[in-house]
Number of protein chains: 2
Amino acid sequence: MVTLAEVAQHAGVSASTVSYVLSGKRSISATTRQRVEQSIRELGYHPNAGARALASSRSNIIALMIPLRTDMYVPVMMEIAIAVATTARTHGYDVLLLTGEEGPDAVRRVTGSGLADAMILMDVQLDDERLPLLRGTDQPSVLIGLPADTAGLTCVDLDFKATGALCVEHLAMLGHRDIAVIGEAPAVYERHTGFAERTLDGLRARSQELGMRLLHRPCEGGYDAMAVTLARIFDERPSTTGFVVQNESAVEPLLALLRQQGRAVPEDVSVVAICPDQVATQASVRLTSVSIPAQEMGRHAVEQLAAKLDGRGSDEVVLIAPELTVRASTGPAPTATH
Amino acid sequence: MVTLAEVAQHAGVSASTVSYVLSGKRSISATTRQRVEQSIRELGYHPNAGARALASSRSNIIALMIPLRTDMYVPVMMEIAIAVATTARTHGYDVLLLTGEEGPDAVRRVTGSGLADAMILMDVQLDDERLPLLRGTDQPSVLIGLPADTAGLTCVDLDFKATGALCVEHLAMLGHRDIAVIGEAPAVYERHTGFAERTLDGLRARSQELGMRLLHRPCEGGYDAMAVTLARIFDERPSTTGFVVQNESAVEPLLALLRQQGRAVPEDVSVVAICPDQVATQASVRLTSVSIPAQEMGRHAVEQLAAKLDGRGSDEVVLIAPELTVRASTGPAPTATH
DNA sequence: AAAAGCTGTCGAAGCGCTTCGACAACCTAT
DNA sequence: ATAGGTTGTCGAAGCGCTTCGACAGCTTTT
């Protein structure tokens with residue numbers, strides 16, 4: 001393995017000079033710089049990560065905690081992870097992948113060992129056990145998601161409340177009055193994962209304001225669960241003409257069942273989905289949807305951290321404004337047409 | 001930040017003694033050990049990762065290179081990544097997430113900088129540019145996937161050739177004679193990603209042996225692409241009664257289109273999928289499938305590496321035997337029933 | 001012409017840990 | 001009782017880097 005000292009010798013300068021060429025923290029004459037860079041290239045030198053971390057107290061690593069369970073939003077998680085990794089590289093950081101498995105201990109371990117300079121947490125519960133630890137350390141962190149109390153924290157998330165409102169507004173504008181919400185699996189609500197409840201808040205508040213009737217049913221993914229849920233909905237409120245779906249794995253079952261029951265989309269019922277664009281465009285009906293900007297969230301989180309690590313940036317909550325794209329799954333409410 | 005020296009002082013021993021308590025590399029009396037462990041707990045000590053890496057030339061980190069593109073097998077990638085991360089932790093390793101973006105440079109960077117002790121590579125091309133680099137370093141690595149030349153490499157993968165054969169056998173046993181393969185997107189074949197071609201090899205070889213006729217059509221995911229592909233297949237070979245699907249995002253479109261055309265599954269046509277179990281059980285028809293053992297591959301890869309890093313283990317190719325689970329999408333060929 | 005200020009480079013200290021050799025203290029075999 | 005082992009602990013060196021202070025050699029100011 002090539003060391004700094006070897007590069008220095010090869011270039012005929014001292015070790016510190018090479019270090020300053022690398023870091024740019026002191027001015028170096030053009031000729032010396034070139035000579036050093038040449039030596040670096042010729043010898044194929046890569047600075048040793050451990051030594052660097054030890055000497056500078058900076059690992060240039062960002063830790064990313066992803067949820068262990070894969071009961072929801074797998075493609076979203078993946079997209080975020082990839083966006084985080086690629087964005088981090090452009091800022092000179094690598095990404096350490098931690099699963100939720102260790103729980104709060106992972107936070108202790110990472111901050112205590114100096115393994116990473118900063119952390120990104122996903123799958124944040126409203127009252128997450130990791131939050132006190134984050135508040136008690138001076139290591140920067142960003143949450144993707146929104147806990148109940150955001151004081152002293154930096155968060156990035158889609159504005160799910162506005163998302164809920166937006167879905168309702170779109171359906172209202174089309175004349176729908178009775179709408180049903182196919183929610184996430186019950187477990188997601190029990191866990192108090194913020195986004196599900198916030199969406200529901202938005203849906204409820206706006207539908208009330210607009211004088212609409214709303215039915216909310218959590219739903220596991222898959223056909224059987226969906227069949228039961230759908231039957232119940234039409235049983236309780238046969239006049240339902242609008243659906244909002246917030247569960248990727250319920251989308252296709254819902255469409256198939258509606259089709260099977262002879263209810264045409266969008267002529268008889270309209271469906272709005274809250275899902276990544278990819279799902280919306282690949283479904284059997286091209287879905288009107290509010291997209292989940294996974295990449296943007298991941299990128300934003302890293303940029304916040306990079307700013308904080310540079311001494312810039314501060315704590316703030318960034319809620320990304322939802323955007324609804326009209327596709328082929330929504331249309332005027334049937335009663336509104338005559 | 002608490003240091004080894006502070007722990008040593010607190011426990012009234014030397015730094016090296018604390019180090020040996022931690023590593024277990026020399027015998028320590030029970031009383032001393034307990035005193036040290038007590039101090040560690042009281043002070044909340046975590047060894048500094050950088051210092052440890054520098055002194056021991058071991059980072060206790062495994063690098064995982066995942067593909068940047070998300071055009072296939074997203075849930076599989078995710079499952080592998082999670083399995084790798086959790087298994088790594090049980091062996092005392094953390095996982096560094098690298099995307100394919102950097103290409104071969106990532107390998108150079110990681111091995112050169114001592115960032116990681118070992119690497120796991122996914123999305124391996126038949127003639128991958130990273131392979132020469134891996135062969136030229138003494139850093140252990142494992143490929144998830146199979147390149148053309150495996151000399152000097154350790155690989156883990158599903159035995160896709162046997163998988164292809166198994167699918168054909170199952171359909172043959174049910175009396176099907178004309179079968180169609182809905183393959184991965186054309187780009188996957190062009191990239192020469194081994195698994196797709198190996199599956200095809202297995203399908204072709206076994207169907208020839210069994211005197212069956214086989215049609216192979218690559219297919220992008222989604223409804224439109226599937227509609228075109230399916231039309232072409234029934235056009236060219238109307239007698240087709242068996243399908244093998246190797247593209248998750250083609251599964252649901254295929255089923256929907258068949259249903260729409262009045263072809264009952266499994267009465268008129270049978271469908272065998274090659275996909276994770278989760279997809280097979282959540283589809284609109286419970287699919288007979290060969291599962292992709294993502295977790296097992298991830299776990300196995302880490303265990304191979306852990307063994308190598310312990311000086312045990314050696315280069316070998318492990319092909320996991322496919323298992324076909326019969327569900328509700330396959331049945332006797334229609335002509336075979338009378 | 002002296003003082004003051006830059007610029008570019010160097011030497012040395014030290015980051016927190018692992019690990020090697022040394023050695024005291026004890027135990028066992030002769 | 002002595003030589004030869006064990007066992008448990010310590011001190012010191014050193015891993016490869018960053019960074020601070022020093023300073024030589026300039027240029028600019030007074």
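In the text below, chain A, chain B and the rest are named by the order of the sequence lines, each starting its count at 1.
A donor-acceptor contact under 3.5 Å links the side chain of B/Arg26 to the base of D/dT9.
The nearest whole Å value for the distance from the CD1 atom in B/Ile28 to the P atom in C/dA25 is 18 Å.
Across A/Val124 and A/Ile144, no two heavy atoms sit closer than the pair CG2-O, 3.7 Å. Shown here for B/Asp117 and B/Ser59, the closest heavy-atom pair between the two residues is OD1-N, 2.8 Å.
Surrounding CD of A/Glu303 are more than 12 heavy atoms belonging to other residues, nucleotides or ligands, all under 6.0 Å away.
For the side-chain contact (heavy atoms from CB on, under 4.5 Å) test with B/Ile66, the passing option among B/Met77, B/Met122, B/Met78 is B/Met122; the others fail.
OP1 or OP2 of D/dT19 sits under 4.0 Å from a side-chain N or O of A/Lys25. In terms of phosphate contacts, A/Ser27 brings a side-chain nitrogen or oxygen within less than 4.0 Å of OP1 or OP2 of C/dG8.
Take B/Arg198 and apply the side chain to side chain contact (heavy atoms under 4.5 Å, CB included) test, not counting sequence neighbours, and it matches B/Leu146, B/Asp157, B/Phe160, B/Phe195, B/Leu319. Take A/Thr154 and apply the side chain to side chain donor-acceptor pair (under 3.5 Å) test, not counting sequence neighbours, and it matches A/Lys308, A/Asp315.
Between atom CE of residue B/Met65 and atom CG of residue B/Leu96 there is a gap of 10.5 Å, rounded to the nearest 0.5 Å. Note that the OG1 atom of B/Thr86 and the CD atom of B/Gln295 stand 7.0 Å from one another [nearest 0.5 Å].
In the helix from C/dA1-D/dT30 to C/dT30-D/dA1, the terminal helix axes, each the rotation mapping four pairs' C1' atoms onto the next four within five end pairs, subtend 40°, rounded to 10°.
Against DNA chain D, the stretch residues 3-23 of chain A makes heavy-atom approaches under 4.0 Å through A/Thr3, A/Leu4, A/Ser16, A/Ser19, A/Tyr20. For the segment residues 31-60 of chain B, residues with any heavy atom less than 4.0 angstrom from an atom of DNA chain D are, sorted by number, B/Thr32, B/Leu54, B/Ala55.
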Result block: side-chain N/O donor-acceptor pairs under 3.5 angstrom for residues 103-114 of chain B, not counting sequence neighbours:
unit_1: B/Asp105; atom_1: OD1; unit_2: B/Arg108; atom_2: NE; d: 3.4
unit_1: B/Asp105; atom_1: OD1; unit_2: B/Arg108; atom_2: NH2; d: 3.0
unit_1: B/Arg109; atom_1: NE; unit_2: B/Glu102; atom_2: OE2; d: 3.0
unit_1: B/Arg109; atom_1: NH1; unit_2: A/Asp94; atom_2: OD2; d: 2.7
unit_1: B/Arg109; atom_1: NH2; unit_2: A/Asp94; atom_2: OD1; d: 2.9
unit_1: B/Arg109; atom_1: NH2; unit_2: A/Asp94; atom_2: OD2; d: 3.4
unit_1: B/Arg109; atom_1: NH2; unit_2: B/Glu102; atom_2: OE1; d: 3.1
unit_1: B/Thr111; atom_1: OG1; unit_2: B/Val107; atom_2: O; d: 2.9
unit_1: B/Thr111; atom_1: OG1; unit_2: B/Arg108; atom_2: O; d: 3.2
unit_1: B/Ser113; atom_1: OG; unit_2: B/Arg109; atom_2: O; d: 2.8
unit_1: B/Ser113; atom_1: OG; unit_2: B/Leu115; atom_2: N; d: 3.2

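The closest donor-acceptor contact from the side chain of B/Arg33 to the backbone of B/Ile28 lies under 3.5 Å.
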